[in-house]
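The next block holds one structure in the form of structure tokens; read it before the comments.
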Amino acid sequence: MNLLILFSIAISMLLVMFYVIYEVKNWRSDRRVLVAIYVEGMMLVMNLGAYLYLLLHDLFLFLVINGAYMIFGLYAILNIKSISRSIVYILFSSFMIISEVFMGSLFYILQTDMPANLDSSVENPWFVTVMVAEMIFTLMVSFKRLDKTLRNYLISLLLLMPWFPVIFSNYAFLFSSIIMIGATILVYETLYNQRLRATQETFTTIELMSIFTLMMIGGFIYFLTFSLTVYDVSMLIAMVWFIYRTVVGPNPRKGNYLKDAKIAFSIIFLTFIMEFFMGGVLDFVMGIFSPGIKGFISSLSLPWTGNVLWDGIDIIGSILGSTWFLIMMGIEMGFLAFKKMLEIKVREVKIRMALMILAYAIYSIYIPSFSPLSSSLPYIPYMWSMGIGTLAPVSNSILLGLIGTYIIYAILSFLFGSRNLCAVTCTAPMMYQGNFYDSLKVYNRTSKVGRKLLTSKSKYYRPIALSVSIFVLIAAVISYLNSLGIISFTIFNTDITILIYFIWFDIIWYLIFISIPFLGTFACVTTGYCYWGVFNQAISRIGLFRLKVKNPQQCIECKTVDCANACPVGLTDMRGEFIKKGEFRSIKCVGIGECIDACPYDNIFIYDVRNWIKERFRGK
């Protein structure tokens, strides 16, 4: 009998809401829309009244609630002459969600004879089924009138909605993360394709990314506290937004992320926060982190001290440095980088980008986390992907692997330039080289800090690079002396080189990355803060690598200077060097190669050991 009652309520709910959706969307007259909203409100109070009756067993309360709404609702309808569309749309969306929540409460008490809360009202198959059905119907009746971008955004959100943890267990978060990754790629592709004009999709995108972010925060809180309240609230907000935007259309404000640093930062920041919590959720799902607050604390990389600053660093760095965060970021950024690679015309640059994507998958993900070699990496040369501190404190047992890594990278940088690291094996180039993020290089010229970092002779680079390098070298000596027992110096029982690596590349690097609108792209190169990059760039500067031109006269006649405009590192002085010397060498040039691809005269090429060998064999 209870199943029949539940089914009857669900069907009644759907029929009423389908009628209301149809009337509101078509809006044939103010009077018909007001009647539809009134009927929608009636369904709301009936669900509420029925729930309260079953909870309190007070029929009088049920009759009072429904009777009062009928009287005052009818009075309001009869006396309202006209109504604002925006008010109707807000009432329509809000009434629908509130009514469904009360329907969920009613279903829960019918099934369990127990009072409902928000979680139990939302986390049940009946609520999810009715909710999804209403969203699908709303999308169907509005489909032809929606622009393609908003339609794609709404479909992406619709695909996310069924995945409730109580129904699908922890797999709900896994599947929703996969869908959200795909939706994020779609968002960035859309923004990139519309980058040359101000569009309504810009602010609609910010709304959608805010919802995604709240969902992931809710999922993370669930694994810490076992409470789904925040997650369920995010789903309700998502449904309100879906219904409202389906009926109303995109946000009317227009903006362009390439012309407004605040807009660009909002998009990047929201995406990063979403990805941060998504990485944490995936770590819980895949067993990297243990559920509960105590389990989470025990899973962190550094010792827990009770010091707010230290523990905050520990939490942030542990998530940003985790395998599943890197996998998730790799899927997103790898797709965007692949799309950028398809736009490239020069074969050598295409190959470099293909190697970059492959290196991220194999060198940054598979080998350190999943390969049979993963436990032996500290002892293997070339495996210290970011130099000192990457894998272990400095000690005699790992000197072969550590020094061997520096030797191999030094040879590669001497022969091929620092692009072997900064344009291929480091994780940074793939994140900067995606089509959306690469387009942000306009901020190298327009942002206050970015302008100060332009050219190969920025006054900030050398003092920062030298200071950081000396600091890391001193830390390495301290770590080595610790291992010999000569001194005893740690910070909260943590080796200083491990701590430096943890802060430099698991925290500071991401702060620099999300600050692109204010620093420009590749700020890890332009500022000199990356000690591992500085080492390779210094070797490159005295090595064989450089950019050359076939005809310096062509550079004199060039009116566009596309090479300098294309450089993601902001080396705007390369044209002058081409004219004077026929080549360009800079410690900041990391061989991305976009200048080569951008040159309309096919005049620039990379000179390295391959050219040097050819010259020797040809007797030049």
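One is the number of the first residue; the rest follow in order along the sequence. In this text, all values refer to a predicted model and were calculated from it rather than measured experimentally.
Looking at Tyr257, Tyr432, Tyr188 one by one, the single match for ring-ring contact (aromatic ring centres under 6.0 Å, His included) with Tyr437 turns out to be Tyr188. No option in Phe325, Trp504, Phe269 other than Phe325 meets the ring-ring contact (aromatic ring centres under 6.0 Å, His included) test with Tyr510. Pro568 pairs with exactly one of Val590, Leu440, Asp438, Thr526 by the side-chain contact (heavy atoms from CB on, under 4.5 Å) rule, that one being Asp438. For the ring-ring contact (aromatic ring centres under 6.0 Å, His included) test with Trp532, the passing option among Trp384, Phe505, Tyr501, Tyr409 is Tyr409; the others fail.
Of all heavy-atom pairs between Gly591 and Ala423, the closest is O-CB, 4.1 Å. Considering every non-hydrogen atom in both Ser488 and Asn482, the closest pair reads CA-OD1, 3.2 Å. Here the closest heavy-atom approach between residue Leu571 and residue Met574 is recorded as O-CE, 3.4 Å. What you find for Phe518 and Ser447 is that their closest heavy atoms are O-OG, 3.3 Å. Counting all heavy atoms, side chain and backbone alike, Ser458 lies closest to Lys452 at OG-O, 3.3 Å. Across Met386 and Cys530, no two heavy atoms sit closer than the pair CE-SG, 4.1 Å.
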Determine whether Ile606 and Phe416 satisfy the following criterion, side-chain contact (heavy atoms from CB on, under 4.5 Å), listing intermediate values before the conclusion.
CA-CA 9 Å; Ile606 288 176; Phe416 297 100; over 6 Å; no
Go through it in stages, so that I can follow the logic: the residues are Thr490 and Asn493, the test is side-chain contact (heavy atoms from CB on, under 4.5 Å), and I'd like the CA-CA distance, side-chain angles, deciding distance and then a yes or no.
CA-CA 5 Å; Thr490 60; Asn493 295 318; 4.2 Å; yes
Check step by step if side-chain contact (heavy atoms from CB on, under 4.5 Å) holds for Tyr363 and Leu358.
CA-CA 8 Å; Tyr363 188 61; Leu358 191 64; over 6 Å; no
Under the side-chain contact (heavy atoms from CB on, under 4.5 Å) rule, what do Thr213 and Thr271 come out as? Steps first, then yes or no, please.
CA-CA 7 Å; Thr213 301; Thr271 305; over 6 Å; no
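At distances below 3.5 Å, at least one donor-acceptor pair connects side-chain atoms of Arg546 with backbone N or O atoms of Leu544. Asp597 places a side-chain N or O within 3.5 Å of a backbone atom of Val346 that can act as its donor or acceptor partner. Between the side chain of Asp602 and the main chain of Cys599, no donor-acceptor pair closer than 3.5 Å is present. At distances below 3.5 Å, at least one donor-acceptor pair connects side-chain atoms of Arg575 with backbone N or O atoms of Cys558. Without hydrogens or angle criteria, Ser364 side chain to Ala361 main chain gives no donor-acceptor distance under 3.5 Å. At distances below 3.5 Å, not a single donor-acceptor pair connects side-chain atoms of Ser374 with backbone N or O atoms of Pro368. Using modelled atom types, one side-chain atom of Ser540 and one backbone atom of Ser418 make a donor-acceptor pair closer than 3.5 Å. Although no hydrogens or angles enter the test, the distance criterion places a donor-acceptor pair under 3.5 Å between the side chain of Arg585 and the main chain of Arg541. The closest donor-acceptor contact from the side chain of Lys588 to the backbone of Thr455 lies under 3.5 Å. Of the possible donor and acceptor atoms, none in the side chain of Arg419 sits under 3.5 Å from a partner among the backbone N and O of Ile592.
Residue Asn193 holds its CG atom at 7.5 Å from CG of Asn435, rounded to the nearest 0.5 Å. In this structure, Ile579 CD1 and Ile556 CD1 are separated by 5.0 Å, a value rounded to the nearest 0.5 Å. Atom CZ of residue Phe535 and atom OG of residue Ser469 lie 10.0 Å apart, to the nearest 0.5 angstrom. Summarising the geometry, atom CD belonging to Glu207 is positioned 9.5 Å from atom CZ belonging to Arg253; distances are rounded to the nearest 0.5 Å. Going from atom CD1 of Ile388 over to atom CG of Leu473 covers 6.5 Å, rounded to the nearest 0.5 Å. Note that CD1 of Ile217 and CE of Met278 are 12.0 Å apart. Values are rounded to the nearest 0.5 Å.
Using a 4.5 Å cut-off on side-chain heavy atoms (C-beta onward), Asn603 and Cys555 make contact. The shortest distance between side-chain heavy atoms of Tyr153 and Val187 falls below 4.5 Å. Taking 4.5 Å as the limit, some side-chain heavy atom of Tyr607 sits within range of a side-chain heavy atom of Trp612. A 4.5 Å side-chain heavy-atom check between Phe370 and Ile365 finds at least one atom pair inside the cut-off. In this structure, the side chains of Thr323 and Ile288 stay at 4.5 Å or more apart for every pair of heavy atoms. Trp310 has its side chain within reach of Leu499: a pair of non-hydrogen atoms, C-beta onward, lies under 4.5 Å apart. For the pair Phe492 and Leu302, the minimum side-chain heavy-atom distance is 4.5 Å or more. Annotation: side chain of Thr572 is not in contact with side chain of Cys567 (no heavy-atom distance under 4.5 Å).
Note on ring orientation: taking the six-membered ring where Trp is involved, the planes of Phe276 and Phe220 are tilted (angle from 30° to 60°).
Between the side chains of Ser413 and Asn536, at least one donor N or O lies within less than 3.5 Å of an accepting N or O. Of the N and O atoms on the side chains of Ser479 and Asp495, at least one donor lies less than 3.5 Å from an acceptor on the other residue. Ser395 and Ser483 share no side-chain donor-acceptor pair at under 3.5 Å. Side chains of Asn444 and Thr521: a donor-acceptor N/O pair is present below 3.5 angstrom, by distance only. At a cut-off of 3.5 Å, with distance as the only test, no side-chain donor of Asn256 or Gln194 sits close to an acceptor on the other residue. The closest side-chain donor-acceptor pair between Arg352 and Gln433 falls under 3.5 angstrom.
Residue-environment remark: NZ (Lys550) exceeds the threshold of 12 foreign heavy atoms within 6.0 Å. The 12-atom threshold is not exceeded at OH of Tyr379, counting heavy atoms of other residues, nucleotides or ligands nearer than 6.0 Å. The local environment of CZ in Arg445 is crowded, with over 12 non-hydrogen atoms from other residues, nucleotides or ligands closer than 6.0 Å. Taking a 6.0 Å sphere around OH of Tyr382, one finds it holds more than 12 heavy atoms contributed by other residues, nucleotides or ligands.
Ion pairing of Arg610 with Asp608 is present here, as a side-chain N (NZ or NE/NH1/NH2) and a carboxylate O approach within less than 4.0 Å. Salt bridge status for Glu594 with Lys441: present, with a side-chain N to carboxylate O gap under 4.0 Å. One finds no salt bridge joining Glu343 and Lys350 here, because no Lys/Arg side-chain nitrogen approaches an Asp/Glu carboxylate oxygen to under 4.0 Å.
A cation-pi arrangement is not found for Lys548 relative to Phe605, the charged atom failing to lie both closer than 6.0 Å to the ring centre and inside a 45° cone about the ring normal. Taking the centre and axis of the six-membered ring of Tyr192, the NZ or CZ atom of Arg195 falls inside the cone set by 45° and 6.0 Å.
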